[in-house]
Structure formats: structure tokens, C-alpha cells
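Computed from a predicted model, the values in this text were never measured in an experiment. In what follows, every chain begins at residue 1, and chains take the letters A, B, ... in the order their sequences are listed.
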Number of protein chains: 2
Amino acid sequence: MEDGDVLFRQDQPTSGLCRVVTGCVTLQRSSLNGDKLTLHRAVADGLFAEASIISERYHCDAVCNVPGRVLKISKTDVISTMRTTPVFSEGFTRLLAVQVQRYRAHIEMLAIGSAKERVIAAVQAGYFDATVTELATRINLTHESCYRAFRDLCEDGRMIRTGRGQP
Amino acid sequence: MEDGDVLFRQDQPTSGLCRVVTGCVTLQRSSLNGDKLTLHRAVADGLFAEASIISERYHCDAVCNVPGRVLKISKTDVISTMRTTPVFSEGFTRLLAVQVQRYRAHIEMLAIGSAKERVIAAVQAGYFDATVTELATRINLTHESCYRAFRDLCEDGRMIRTGRGQP
DNA sequence: GGCTTCATATGATCCAAATCATAAAGCTTT
DNA sequence: AAAGCTTTATGATTTGGATCATATGAAGCC
């Protein structure tokens with residue numbers, strides 16, 4: 001899996017769920033006006049496309065972010081394993097529940113009105129793992145506003161930034 | 001269960017998941033500055049507090065919206081039933097997966113910049129089931145902006161509103 | 001009936017974030 | 001090393017949504 005590789009695309013029929021062994025995959029949806037929205041990012045040992053087992057079509061694109069390896073598990077395998085192995089069921093359920101909580105937290109973050117507060121919340125939640133532009137997009141801000149928020153927060157002494165190159 | 005009844009509160013230890021038989025329950029979180037955020041609304045036959053089986057404490061409040069009956073299922077019961085009854089496991093998983101999709105759709109909606117477009121998307125998604133104020137809060141708008149969006153959309157001929165009293 | 005409360009609705013004003021513009025630093029690539 | 005790209009960064013301007021103010025109609029209550 002190389003950088004930019006598309007593992008599946010929105011509206012394609014679902015084949016099953018995926019496990020990231022190494023590397024990183026982002027799930028994104030393109031809206032009608034063309035701009036992309038990152039919904040989830042799966043890193044090593046993370047699962048994605050969990051919803052694929054219940055829906056017939058993927059509802060977002062999966063694009064490779066960091067080169068690595070991905071394991072595909074077919075839909076039928078998942079369902080049969082769930083029937084035979086309760087531990088797997090439990091683990092899978094737990095995983096989905098964690099996702100639900102994560103999304104809830106994200107929605108809560110998006111409800112924060114002020115850009116500064118939203119940026120702080122995002123950084124505290126560990127969202128700042130790539131570029132500022134990417135962080136900004138994830139929390140519905142322009143990169144300009146995000147840079148300014150960083151600057152102001154540093155000026156206020158609420159944040160200290162070191163080594164810009166690697167965040 | 002009467003209107004305004006609190007079924008559980010944020011940070012209380014979890015007891016299990018709940019099923020709405022009749023009535024309606026909203027899950028909401030209060031932020032630090034005191035204003036509430038609706039995360040989910042469960043109507044008849046809906047489950048809520050699914051995440052309770054994996055976390056030790058509730059991470060939001062459950063408040064009765066419309067009087068009715070709610071069934072509580074203990075955490076241990078859920079886990080043991082999952083072990084013995086694969087069909088239950090499957091159904092539960094499906095439910096969580098649906099939730100994940102719902103949240104993803106919601107996040108996507110919140111990414112819509114223009115108030116007018118966001119309101120349209122919300123209405124199309126079936127969010128307008130109560131008051132305008134409530135709809136506005138759910139999509140991170142003030143009720144004023146929401147009313148204006150409705151008015152403008154009607155003026156543009158993109159929407160027709162009838163019978164204001166009951167939406 | 002009169003009172004309160006809430007949802008609806010709109011006008012006026014303000015402000016923060018978007019937009020537009022520009023530039024330097026860093027990094028690939030040729 | 002020069003060219004081309006992205007990321008970081010900030011200034012100037014605009015604008016759309018928030019805020020504040022106000023009014024009306026409907027529901028509930030004593």
C-alpha cells in the first residue's frame with residue numbers, strides 16, 4: 001500500500017472490514033462541491049470500514065496516508081466468526097462502541113464556538129498529529145484561522161510551541 | 001418516565017444499556033460554560049447508552065423528552081447474552097454500526113459552511129422533528145440564524161413551509 | 001380573564017472567522 | 001543550484017452568523 005493508494009471508494013459495493021497492520025489510512029468523503037472531509041484516521045492495529053458489514057456500499061473513500069500494510073477481512077468471515085467466537089464479537093462490539101464515543105467527543109468539539117478554544121480542545125484530544133492545515137480542516141476551520149489561533153494561544157501563554165517542522 | 005426525568009447523569013457509574021419502549025429520551029452533555037449539547041435522541045424501540053457496556057462511567061446525561069417507558073438491561077446481562085446468543089451479538093453490532101454511520105453523516109453536515117445549506121441538509125436528514133430552536137442547536141446555529149435561513153430558503157423557492165404550529 | 005412562558009419571527013449592530021493576498025522557510029526534484 | 005512544490009505565517013478586507021433588542025401568537029395556569 002503506497003501513499004495515495006485508494007483502498008475503496010464511496011458507493012462501491014462493500015467487501016469487508018480492514019485492519020491496518022502498518023501505515024495509516026484516512027477515511028474521507030467528498031462533498032458535492034468537491035472538497036474533502038476527513039472522517040476517520042486508522043493507524044497501526046486499527047480497524048476501519050466497520051460499517052461495511054451492515055451496509056451494501058461504502059459511504060466514504062479510504063485513502064492511504066502513510067505507506068504500510070492492510071489486511072482485508074471479508075464480510076462473510078466476520079459474520080461467521082462472530083457466530084462461532086464470542087470473544088471476537090465482544091472485541092468487535094467494544095471497538096464500535098469506542099468509535100461511537102470518539103465521534104460523540106468530536107461532535108462536542110465542533111460545537112465549541114471560539115476558534116481558540118476549539119483548537120485547544122483538538123490539540124488536547126491528540127488531533128495535531130500532522131500538518132496545521134489538516135488539523136484545521138478536521139475541526140472546520142481555515143488554516144489561516146488555525147495559525148492565528150496558535151499564535152494567539154502562545155501569546156496568551158496558554159500554549160508553547162517548539163520545533164515547528166515536526167509537530 | 002415523565003418529562004424532564006433524568007435517567008442517568010454524566011460521570012455516574014454505568015449500569016447498562018437502555019431500550020426506549022415508548023416516549024423519547026435525549027442524550028446530552030453539558031459543556032464547561034454550562035450550555036447543553038444534544039448528542040442523540042432515542043425514540044420508541046431505540047437503544048441508548050450502548051457505550052455504557054465498555055466504559056465505567058456515563059459520558060452524558062439522559063433526559064426524558066416525551067413521557068413513556070424505558071427498559072434497563074444490565075451490563076452483565078448484555079455481555080452474557082452476547083456470549084450465548086450470536087443473533088443478539090449480531091443485532092447489537094449492527095446497531096452500533098448504524099450509529100457510527102449516523103454520527104459520520106452528522107459530522108459531515110456540520111462541515112457545511114453556509115447556514116442555509118446546513119439547514120437544508122439537516123431537514124433532508126430528518127432533523128426537523130421538534131422546534132426550530134432545537135434543530136438550530138443540533139446543527140450549531142443560533143435559532144435566529146436558523147429562522148432566517150428558513151425564510152431565505154422559502155424566498156429562494158427552495159423550500160415551502162406550511163402549518164408552522166406543528167412541524 | 002389576566003398572567004406567565006415559550007416558540008416564532010425579524011430588525012440592528014457587532015465581531016470573529018472566511019477570504020484574498022503575499023512571503024519566507026523547507027523539501028523534493030531535475 | 002535552480003525550479004517547483006508544500007507548509008508555515010501574517011496582513012488587509014469582507015461577510016455571514018452571533019448577539020442584542022423587540023414583537024406577536026399560542027399554550028398553560030391561577
Side-chain angles (χ1 to χ4, degrees), chain A residues 2-4 26 31 33-38 63 65-67 109-123 127-156 158-167, chain B residues 2-4 26 31 33-38 63 65-67 109-123 127-156 158-167:
Chain A
E2 288 308 307
D3 219 356
T26 48
S31 61
N33 50 56
D35 43 303
K36 302 216 183 302
L37 175 69
T38 300
V63 184
N65 219 16
V66 178
M109 194 154 63
L110 294 180
I112 300 171
S114 140
K116 269 159 83 172
E117 300 307 318
R118 190 142 90 229
V119 166
I120 281 218
V123 171
Y127 277 44
F128 191 26
D129 51 2
T131 65
V132 175
T133 308
E134 214 166 320
L135 168 74
T137 318
R138 278 173 87 183
I139 57 174
N140 294 351
L141 284 177
T142 56
H143 58 99
E144 292 99 322
S145 300
C146 206
Y147 282 120
R148 275 185 256 271
F150 271 126
R151 184 194 52 190
D152 295 348
L153 286 165
C154 290
E155 274 173 14
D156 297 354
R158 300 221 276 152
M159 204 184 253
I160 295 156
R161 296 188 70 193
T162 47
R164 283 330 130 87
Q166 46 291 322
Chain B
E2 286 310 306
D3 220 356
T26 48
S31 61
N33 51 55
D35 43 305
K36 303 216 183 302
L37 175 70
T38 299
V63 184
N65 219 17
V66 178
M109 196 155 60
L110 294 180
I112 299 171
S114 141
K116 269 160 82 172
E117 300 307 319
R118 191 141 90 227
V119 166
I120 282 218
V123 171
Y127 277 43
F128 190 26
D129 51 2
T131 65
V132 174
T133 307
E134 213 167 321
L135 168 73
T137 319
R138 278 173 86 183
I139 58 173
N140 295 351
L141 286 176
T142 56
H143 57 99
E144 292 98 324
S145 300
C146 206
Y147 281 119
R148 274 185 255 271
F150 270 125
R151 183 195 51 189
D152 295 348
L153 286 165
C154 289
E155 273 174 13
D156 298 354
R158 299 221 279 151
M159 203 182 252
I160 296 156
R161 296 188 71 193
T162 47
R164 286 326 132 88
Q166 46 291 324

How would you list, by chain and number, every residue that makes a salt bridge (charged side-chain N to carboxylate O under 4.0 Å, His left out) with B:Arg118, sequence neighbours excluded? none
Report the distance from atom CD1 of A:Ile139 to atom C1' of C:dA18, rounded to the nearest whole Å. 15 Å
Less than 3.5 Å apart, which donor and acceptor atoms pair up between the side chains of residues 140-151 of chain B and the rest of the protein, not counting sequence neighbours?
{"unit_1": "B:Asn140", "atom_1": "ND2", "unit_2": "A:Leu110", "atom_2": "O", "d": "3.2"}
{"unit_1": "B:Thr142", "atom_1": "OG1", "unit_2": "B:Ser145", "atom_2": "N", "d": "3.3"}
{"unit_1": "B:Thr142", "atom_1": "OG1", "unit_2": "B:Ser145", "atom_2": "OG", "d": "3.0"}

Between D:dT7, D:dA9, D:dG11, which nucleotide gets closest to the side-chain atoms of A:Thr131? D:dT7
Members of residues 140-150 of chain B that approach DNA chain D, where some heavy atom sits under 4.0 Å away: B:Asn140, B:Leu141, B:Thr142, B:Glu144, B:Ser145, B:Arg148
Could you give the CZ-to-C1' distance, from A:Arg118 to D:dA18, as a whole number of Å? 14 Å
B:Arg161 atom CZ is separated from C:dT10 atom C1', nearest whole Å, by 14 Å
A:Thr38: side-chain contact (heavy atoms from CB on, under 4.5 Å) partners, not counting sequence neighbours: A:Thr26, A:Gln28, A:Arg138
State which residues pass side-chain hydrogen bond (donor to acceptor under 3.5 Å, both in side chains) with B:Arg158; sequence neighbours excluded, sorted by chain then number. B:Glu117
Could you tell me the separation between the CD atom of A:Glu117 and the C1' atom of C:dA16, rounded to a whole number of Å? 14 Å
Could you report the tightest heavy-atom contact between A:Ala130 and A:Glu134, atom names first, then the distance? CB-OE1, 3.6 Å
How many Å lie between CG on B:Asp129 and P on C:dA7, as a whole number? 14 Å
Angle between the two end axes of the helix from C:dG1-D:dC30 to C:dT30-D:dA1, five base pairs per end, rounded to 10 degrees? 40°
Given D:dG11, is OP1 or OP2 found less than 4.0 Å from the side-chain N or O atoms of A:Arg151? yes
Expressed in angstrom and rounded to an integer, what is the separation of A:Asp152 atom CG from C:dA16 atom C1'? 11 Å
Between P of D:dG17 and CD1 of A:Ile112, the distance in whole Å: 20 Å
Give the nucleotide from the list D:dG17, C:dA7, C:dG11 with an atom nearest to the side chain of B:Ala115. D:dG17
Using whole Å, what does the distance between atom P of nucleotide D:dT10 and atom CG of A:Leu153 come to? 13 Å
